[in-house]
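The structure appears right after this line, and notes come after that.
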Amino acid sequence: MLLPNILLTGQLYDGYDEEYECPILDEDRVVDELENQMSEGGVIVDYHGCDFFPERWFHIVFVLQADNSVLYKRLETRGYNEKKLKENIQCEIFQVLYEEALASYKEEIVHQLPSNKPEDLEDNINQILKWIEQWIKDHSS
Ligand SMILES: Nc1ncnc2c1ncn2[C@@H]1O[C@H](COP(=O)(O)OP(=O)(O)O)[C@@H](O)[C@H]1O
């Protein structure tokens with residue numbers, strides 16, 4: 001589930017942030033909106049933050065990381081303004097999202113995955129698939 005798409009089509013935002021040039025997320029509405037689907041299970045949620053999601057929603061959390069030079073080029077290509085670009089890079093340097101994940105979920109379910117090169121994408125998918133298979137095995141009896 002790609003959360004940004006749902007947010008935009010479902011209009012689950014509350015105003016627009018002129019400084020960061022993005023919609024302001026209405027976190028409570030997002031959680032309400034996703035609750036039924038999430039409690040059914042079998043859902044992968046892709047988003048850049050996680051502290052407002054209920055802990056019970058997830059069995060595992062992956063935090064993707066990129067080296068700064070790689071990330072800089074990526075965000076520059078996306079046309080981020082100077083301030084937004086700087087803050088995103090700083091966020092990566094201080095591992096803000098990894099820390100947020102550690103603070104929001106049990107440490108043993110939070111994993112970091114490098115995402116610098118296309119090959120990393122493939123490796124990460126394989127690793128996540130392996131984890132899913134193992135989880136299904138462990139929980140089917
Ligand atoms: N592992 C990777 N290797 C090479 N390019 C990547 C990789 N991950 C992302 N990218 C590049 O960055 C862009 C944005 O990736 P995306 O996963 O959508 O980022 P985010 O989820 O942080 O918004 C992609 O279109 C691609 O060009």
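Computed from a predicted structure; not experimentally measured. All ligand and atom numbering here is 1-based and tracks the order in the structure.
A perpendicular orientation is assigned to the rings of Tyr105 and Phe58, their planes being inclined by more than 60° (bins at 30° and 60°).
No side-chain donor-acceptor contact under 3.5 Å links Glu100 to the backbone of Gly49. Within the 3.5 Å criterion, the main-chain N or O of Val70 finds no donor-acceptor partner in the side chain of Asp67.
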Can you give me a line-by-line list of nitrogen or oxygen pairs between ligand 1 and the protein shorter than 3.5 Å?
{"from": "ligand 1", "atom 1": "1 (N)", "to": "Ser115", "atom 2": "OG", "distance (Å)": "2.9"}
{"from": "ligand 1", "atom 1": "1 (N)", "to": "Lys117", "atom 2": "O", "distance (Å)": "2.9"}
{"from": "ligand 1", "atom 1": "3 (N)", "to": "Asn116", "atom 2": "O", "distance (Å)": "3.3"}
{"from": "ligand 1", "atom 1": "3 (N)", "to": "Lys117", "atom 2": "O", "distance (Å)": "3.1"}
{"from": "ligand 1", "atom 1": "3 (N)", "to": "Pro118", "atom 2": "N", "distance (Å)": "3.1"}
{"from": "ligand 1", "atom 1": "8 (N)", "to": "Ser115", "atom 2": "OG", "distance (Å)": "3.4"}
{"from": "ligand 1", "atom 1": "10 (N)", "to": "Arg74", "atom 2": "NE", "distance (Å)": "3.4"}
{"from": "ligand 1", "atom 1": "12 (O)", "to": "Arg74", "atom 2": "NE", "distance (Å)": "3.4"}
{"from": "ligand 1", "atom 1": "19 (O)", "to": "Arg78", "atom 2": "NH2", "distance (Å)": "3.0"}
{"from": "ligand 1", "atom 1": "23 (O)", "to": "Arg78", "atom 2": "NH1", "distance (Å)": "3.4"}
{"from": "ligand 1", "atom 1": "23 (O)", "to": "Arg78", "atom 2": "NH2", "distance (Å)": "2.9"}

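With respect to Glu18 and Lys83, no salt bridge is recorded, no charged nitrogen being found less than 4.0 Å from a carboxylate O. With respect to Lys137 and Glu133, no salt bridge is recorded, no charged nitrogen being found less than 4.0 Å from a carboxylate O.
The ring pair (Phe, Tyr, Trp, His ring centres under 6.0 Å) search around Tyr98 returns none, not counting sequence neighbours.
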